[in-house]
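See below for the structure under consideration.
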Number of protein chains: 4
Amino acid sequence: MAKDSSAAKAPGKREEERRRAILRAAIEVFSRKGYQGCRIADVAKEAGVAYGLVYHYFQNKDELLESVFEAGWSWFLARVIEAAGKGNTFDERVESVVGVAFESYRRDPKAVKVLILEVGRSPSGGAVNRGKAFAHVIQLASQLFEEAQRNGELKPDHDPKLCAAMFFGAIEMGLTGFVMGFIDRREDTLLAAQRQVTETFLRGVSPGTQRTLEAAWTSPKSSSKPKLAKRA
Amino acid sequence: MAKDSSAAKAPGKREEERRRAILRAAIEVFSRKGYQGCRIADVAKEAGVAYGLVYHYFQNKDELLESVFEAGWSWFLARVIEAAGKGNTFDERVESVVGVAFESYRRDPKAVKVLILEVGRSPSGGAVNRGKAFAHVIQLASQLFEEAQRNGELKPDHDPKLCAAMFFGAIEMGLTGFVMGFIDRREDTLLAAQRQVTETFLRGVSPGTQRTLEAAWTSPKSSSKPKLAKRA
Amino acid sequence: MAKDSSAAKAPGKREEERRRAILRAAIEVFSRKGYQGCRIADVAKEAGVAYGLVYHYFQNKDELLESVFEAGWSWFLARVIEAAGKGNTFDERVESVVGVAFESYRRDPKAVKVLILEVGRSPSGGAVNRGKAFAHVIQLASQLFEEAQRNGELKPDHDPKLCAAMFFGAIEMGLTGFVMGFIDRREDTLLAAQRQVTETFLRGVSPGTQRTLEAAWTSPKSSSKPKLAKRA
Amino acid sequence: MAKDSSAAKAPGKREEERRRAILRAAIEVFSRKGYQGCRIADVAKEAGVAYGLVYHYFQNKDELLESVFEAGWSWFLARVIEAAGKGNTFDERVESVVGVAFESYRRDPKAVKVLILEVGRSPSGGAVNRGKAFAHVIQLASQLFEEAQRNGELKPDHDPKLCAAMFFGAIEMGLTGFVMGFIDRREDTLLAAQRQVTETFLRGVSPGTQRTLEAAWTSPKSSSKPKLAKRA
DNA sequence: GATGAATGAGTGTTCATTCAT
DNA sequence: GATGAATGAACACTCATTCAT
């Protein structure tokens, strides 16, 4: 019966909900007060649970923080991996990954804010630090760039790891403009930024380079950009 | 009196030395323990001064932090402004600014580490945060990019502010690779990274774009690149 | 109903078992972590019952502690009373009581450890404290010593209460040597200690006092020492 | 100069005073609330200092507790060692040690209460526990008893360690009677108890043993008991 | 009865800041 | 100015106790 199954699973479900509620609350508080400024009491209040319950679900403050990053970051990484394999050409893959980053921001700006502003700030002793997170994405993106290099889609004298670092640096700073409120978070500015990041990374900011991507984007509903059309 | 006059300048000099010593110590401690992890006691010990003396030179911890960033950042900004006016062409200016960033890292990696890893940590309320610093460079660089756009040296449909954000994002992440120890801090890797950052920003990572810069760099001792030649 | 009647006795037995299991577990945990260091969670885990169940059987932690001491102590007191009446002479009664103490330790060293190390440590406000327990045995033993004094078996100028205190102090410290592991818990050392405690209390440590007891003990199977013979 | 020396030493002296004040306060609080029941806040308030100052002088609560015991116990041990060498005969030495214990109680009953009731509470992990303290006195006293045994002043078949344990057990329990308030803390009862403890340990409680000590004590101002005469 | 999640008061500890010398 | 002892607010963490299921 439905009731039976719910009885068997309900406690587990309720607990899982609580756990999620606390994680969400933590993200909320982090985005307001920052990694260090957040207090367990704030998280508990935000989640609407008792102080001690946080310690029922998480070993200590560090583990809570780690879980927040782990959850957000692993979700982001999974989407990046997926996106990196989505297009046939290097350009399409780069475009996909940029798309994932901006899409993540559209869906959950607070979580992205936390990831951007707080990941990796803990000295280096902390369980979560830029080191691990940074290393992981860079590692992933490096593979993409190495393959592209083998296919002649990336300048042969560029270091793939550095490419990866710059790639995410450009994305991060682009999003930071929104996160910090320097750019209005409107869909058109977001979309323009997304395009600009992609194009700058691929073709640079100098004019006189081929404008294939640009042409495609500006011409309405080009059949070669189905993903972007859906996204927008 | 003689005593007075002797005290007039000497202490002033000594005091300034103390102040600098404390600032240096603060940078040292920040780079080790991070913005929040540092304690006044650590800074005092590192500087070799008494605990309470820190409070003679700085109002409170926040002011100390602010001074650290102010000192480092304003120095960096001044150099960026200088560099931005150094070249005749847009490309040269971009190259100069990238050069300033990498040169800063060569000279004082710990200070750069602090600026990169710690600026913007304090929840937006803090005196020092990514907001102000970010806003300032972006503002400066925007002018560079707007001028370039007027001169037809920057793609006309790009947003100058976003350009600026991506520019510094690429630089920051490039340096982060070194700061975090993912890339050996050797002069040749630093120089290669510097070139790659410049070129990627200007021409993108895709091959098939003109290779003016690359050509100039790879040809030995081109008269048009005196700065880089000296640096290397 | 059938269900009721079946539940009438069986659960009662099971409940009693549970209660005992919790008490045993408490003794176990106390002997490991001490009176204050023990947590309800530890006791529950040790007893193999659910956390909350402890609160079905005991009002609160204090009541649990009290029950532990009550159970152990009342059992010990009952045996002491019995022993105090067992012999015909004062010497035999003293010997009996010492025997009870050592026998208790042989049977349940952990419980004795708890009683010795933990009884009476709670600040005098606590429900269980040395005061009550101490008062009780001293009271009992005093009667024994007063009677002995009336019979001329105890030095007439000695205070019976102080005698009682010293008597149990000597026993306690003797056992403490074993509890703390300073003396190997072997039957022969235990038996020797038991004899020594008795003799010292009755005749002192100085040689040249009559050795009646000693003689009796060393002569094998003296009919007047059936208990010791059986014990050994 | 006096001023110089006071300036050189005064701070150290003041600090030492503070440290002592905190230790005294800790003893006071321990004697009221027990080892575990005491809170740092209580100690600070009792000492009349700020909360945080306790942590200026002591690493943490455990170190404070340890210092309390260390201070009290080492003082007691030193006096015991001194006393153990004071007399010519075994009897006199035993009498001296008993005298030290009772004298300690006369001087500082609260400290003795703490030592008696609280030493050895911490399970066994704690830095201070009955184990160490117990081991130390037993070790010391054992030497006394071994020597006595060599001199034929102690029954040859007695275990010196067990003798030591019983000796201090008798003393401890004797004092416990006062500590717990069962016996009025009047000088005459204290003195009587002191005599009784000594005599019982040496000659036992049974009448018919030689009454040398007793005789000496009861006869007024016997020249052979100068210490007791002075003490009383 | 049995379970263990939920609660929240209590407390040890840190550390920025002040202040007497 | 220089020193470092003194202060106390803030906060992480524990754990006895309650309660819904």
Side-chain angles (χ1 to χ4, degrees), chain A residues 7 10-12 14-15 18-19 36-45 47-64, chain B residues 7 10-12 14-15 18 36-45 48-65, chain C residues 7 10-12 14-15 18 36-45 48-64, chain D residues 7 10-12 14-15 18-19 36-44 47-64:
Chain A
R14 188 164 299 167
E15 285 169 34
R18 294 274 211 184
R19 195 189 164 87
Q36 306 274 350
C38 102
R39 287 165 296 168
I40 295 293
D42 295 329
V43 174
K45 189 176 290 178
V49 302
Y51 194 122
L53 198 61
V54 176
Y55 285 88
H56 190 74
Y57 288 104
F58 301 92
Q59 201 69 33
N60 53 32
K61 195 184 177 186
D62 268 357
E63 204 208 273
L64 172 59
Chain B
R14 189 168 300 168
E15 285 170 30
R18 296 269 213 188
Q36 306 275 348
C38 98
R39 288 165 296 170
I40 294 292
D42 295 329
V43 174
K45 188 177 291 178
V49 301
Y51 202 126
L53 199 60
V54 176
Y55 282 88
H56 267 288
Y57 291 104
F58 301 93
Q59 200 64 34
N60 52 33
K61 196 183 177 187
D62 267 358
E63 204 208 275
L64 172 60
L65 303 180
Chain C
R14 188 167 301 167
E15 284 170 32
R18 296 271 212 187
Q36 305 275 349
C38 97
R39 287 165 296 170
I40 295 292
D42 294 330
V43 175
K45 188 177 290 178
V49 302
Y51 202 125
L53 199 61
V54 176
Y55 282 87
H56 267 287
Y57 291 103
F58 301 92
Q59 200 65 34
N60 52 33
K61 196 183 176 186
D62 267 357
E63 203 208 275
L64 172 59
Chain D
R14 186 162 301 167
E15 285 168 34
R18 293 275 212 185
R19 194 189 164 86
Q36 306 276 349
C38 101
R39 287 165 295 167
I40 294 292
D42 294 329
V43 174
V49 301
Y51 198 125
L53 199 61
V54 176
Y55 284 88
H56 191 74
Y57 289 103
F58 302 92
Q59 202 67 35
N60 51 35
K61 196 183 176 185
D62 267 357
E63 204 208 273
L64 172 60

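The sequence lines fix the lettering, A, B, ..., with proteins before strands; numbering per chain opens at 1. Predicted model only: the values in this text are computed from it and were never measured.
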- Message: Can you work out whether Tyr57(C) or Gly48(A) has the more 5'-proximal nearest nucleotide on DNA chain E?
- Response: Tyr57(C)
- Query: Once you round it to whole Å, what is the distance between C1' of dG8(F) and CG of Asp42(D)?
  - Reply: 16 Å
- Query: Within this structure, what is the CG-to-C1' distance between Leu53(A) and dC15(F), rounded to whole angstrom?
  - Reply: 14 Å
At what distance, to the nearest 0.5 angstrom, does [atom1] of [X] lie from [atom2] of [Y]?
X        : Y        : atom1 : atom2 : answer
Tyr55(D) : Glu63(D) : OH    : CD    : 11.0 Å
Arg19(D) : Leu53(D) : CZ    : CG    : 11.5 Å
Tyr51(C) : Lys45(C) : OH    : NZ    : 10.5 Å

- Task: Quick one: closest heavy-atom pair of Ala44(C) and Ala50(C), and the distance?
- Result: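 Smallest heavy-atom distance, with atoms named: CB-O, 4.0 Å.
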- Task: Any chance you could list the contact pattern along nucleotides 11-21 of chain E? Use B for base contacts, S for sugar-phosphate-only contacts and - for none, protein heavy atoms under 4.0 Å, 5' to 3'.
- Result: SBBBSBBB---
- Item | Contacts of type side-chain hydrogen bond (donor to acceptor under 3.5 Å, both in side chains), residue Arg39(C), not counting sequence neighbours | Asp42(C)
- Message: Take N1-N3 plus N6-O4 or O6-N4 for Watson-Crick, N1-O2 plus O6-N3 for G-U, both under 3.5 Å. Which runs of 3 or more such pairs involve DNA chain F?
- Response: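 Correct response: E:2-21 with F:2-21.
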- Message: Quick check for you: among dT3(E), dT7(E), dG1(F), whose closest atom lies nearest to any side-chain atom of Val49(A)?
- Response: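 It is dT7(E).
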